[in-house]
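To start, the structure itself, in structure tokens.
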Amino acid sequence: MKTVNQKAWFLVLPVLLLVGFSAVIPLMTVVNYSVQDTFGNNVFYWVGLEWFEEILHSERMHNALGRQVIFTTVIMLIEIPLGIFISLHMPKKGVWASVCLVLIALPLLIPWNVVGTIWQIFGRIDIGLLGHSLNALGIDYNYVQNATAAWITIIIMDVWHWTSLVVLLCYAGLQAIPDAYYQAAKIDQASRWNVFRYIELPKMMGVLLIASLLRFMDSFMIYTEPFVLTGGGPGNVTTFLSIDLVKMAIGQFDLGPAAAFSLIYFLTILLISWVFYTIMTNIDKREGM
Amino acid sequence: MNLSWMAWTWPTAGFFIFIALALITMTVWGIKAPQAPRVGILRIETTPGDRLFISLLGSAFICLAWLGMFGSPVYGALIVCCIYALGVFRWV
């Protein structure tokens with residue numbers, strides 16, 4: 001008779017405690033703050049769901065959400081195809097494969113606020129190589145005053161920082177394809193496009209979904225890099241959700257509205273991540289059949 | 001232990017007790033009557049735990065949509081949430 005021992009679940013206990021202290025208790029506190037108002041000194045007044053109503057109808061929140069959705073969509077539309085393209089053209093074997101991998105991985109090793117600082121200096125019109133050169137060429141580029149320039153700089157910065165992740169994941173997916181597939185394609189005289197469409201892309205689907213999920217979550221929660229680069233400006237044109245949330249919670253000390261904002265933000269990310277996760281696990285199961 | 005920094009209220013405590021009870025009930029139910037995962041109308045494989053998660057997450061959005069459209073109180077939304085959760089457990 002087969003016996004089942006459930007004692008292994010005790011091994012999960014340390015993780016549960018850690019998650020309890022670092023995530024569940026703070027989240028409970030945020031829920032508590034979201035239905036109350038405070039003027040400091042740890043004194044709270046019950047307001048019910050007022051902050052949620054206020055945030056849901058707040059133009060400021062709608063604008064920040066709109067900017068966030070545009071930012072995430074744009075960087076994903078650039079990073080995912082670019083990552084696939086680069087990974088397809090990287091050497092598969094030999095010294096150059098290692099050199100390329102190290103070079104590609106470099107941006108991922110740089111801390112986020114350092115990336116912001118690098119681009120902040122790089123784009124400056126007085127001493128920055130990019131800003132100064134563009135202006136010398138007669139292009140009116142100033143990310144401090146011009147909204148378009150600020151957006152372009154932030155998008156290029158994110159592409160520079162994070163395309164590497166997509167490349168590395170796709171590269172790993174490509175390396176895992178057995179040679180037999182390519183040999184069969186060669187016998188069938190398949191074109192380069194068909195090899196990509198019917199062999200490489202389906203085999204990369206799992207890692208591509210992971211890359212998309214990671215890039216979605218990271219970009220939707222982005223804070224440090226745009227904060228260091230533009231501080232949300234000029235005006236509010238690069239104020240994304242996280243930046244707006246920090247302004248509300250720490251700058252204005254509006255803990256109640258900020259807590260309601262955080263919960264709506266959290267639920268949105270949870271929903272989209274769950275959709276990605278469900279698609280991913282279903283693809284895995286279908287492949288496993 | 002002083003928990004005043006957590007700013008507890010009875011309604012929020014009740015909310016978390018409800019979630020904890022739901023999780024405990026599902027665990028006990030899972031032990032007493034284990035169920036195999038099934039594929040429902042969403043064409044995805046779900047366990048009862050998954051269906052609870054889908055019910056809770058969906059309910060949160062139903063309440064937010066209600067607040068956005070009709071404002072508080074959200075009693076109507078709670079009724080819709082219950083019907084939604086029953087539907088999820090029956091068909092998803």
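Just so we're on the same page: letters track the sequence lines, and every chain starts at 1. This is a predicted model, so every value here is computed, not measured.
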### Query
Is there side-chain contact between A:Met204 and A:Leu169, with at least one heavy-atom pair below 4.5 Å?
no

### Task
Look at atom CZ of A:Phe71 and say whether more than 12 heavy atoms of other residues, nucleotides or ligands are closer to it than 6.0 Å.
yes

### Message
Does the plane of the ring in A:Tyr223 sit parallel, tilted or perpendicular to the ring in A:Phe227? Use 30° and 60° as the thresholds.
### Response
parallel

### Query
Which class fits the ring pair A:Trp112 and A:Trp162: parallel under 30°, tilted 30 to 60°, perpendicular over 60°?
perpendicular

### Message
Can you list the residues of residues 61-74 of chain B that sit under 4.5 Å from chain A, counting heavy atoms only?
### Response
B:Phe61, B:Leu64, B:Leu67, B:Gly68, B:Gly71, B:Ser72, B:Val74

### Query
B:Trp8 versus A:Met28: any side-chain heavy-atom pair under 4.5 Å?
yes

### Query
So A:Trp274 and B:Phe53, would you call those rings parallel, tilted or perpendicular, with 30° and 60° as cut-offs?
tilted

#### Entry: Interchain contact, A:Val35 with chain B, by part (heavy-atom threshold 4.5 Å)
side chain

### Query
So which of A:Thr29, A:Val43, A:Asn32 has the biggest tally of heavy-atom pairs under 4.5 Å with chain B?
A:Asn32

### Task
Tell me the residues of residues 27-49 of chain B whose non-hydrogen atoms fall below 4.5 Å from those of chain A, in number order.
B:Arg43, B:Ile44, B:Glu45

### Query
So does A:Asp218 pair up with A:Arg215, basic N to acidic O under 4.0 Å?
yes

### Query
Does the side chain of A:Thr38 pick up a donor-acceptor pair with the side chain of A:Tyr33 at under 3.5 Å?
no

### Message
For A:Leu263, which atoms come within 4.5 Å of any heavy atom of chain B: side chain, backbone, both, or neither?
### Response
neither

### Query
Do A:Trp151 and A:Phe240 have ring centres separated by under 6.0 Å?
yes

### Query
Just how far is it from atom CH2 of B:Trp5 to atom CG of A:Asn42, taken to the nearest 0.5 Å?
10.0 Å

### Message
Any non-hydrogen side-chain atom of A:Asp244 less than 4.5 Å from a side-chain atom of A:Met61?
### Response
no

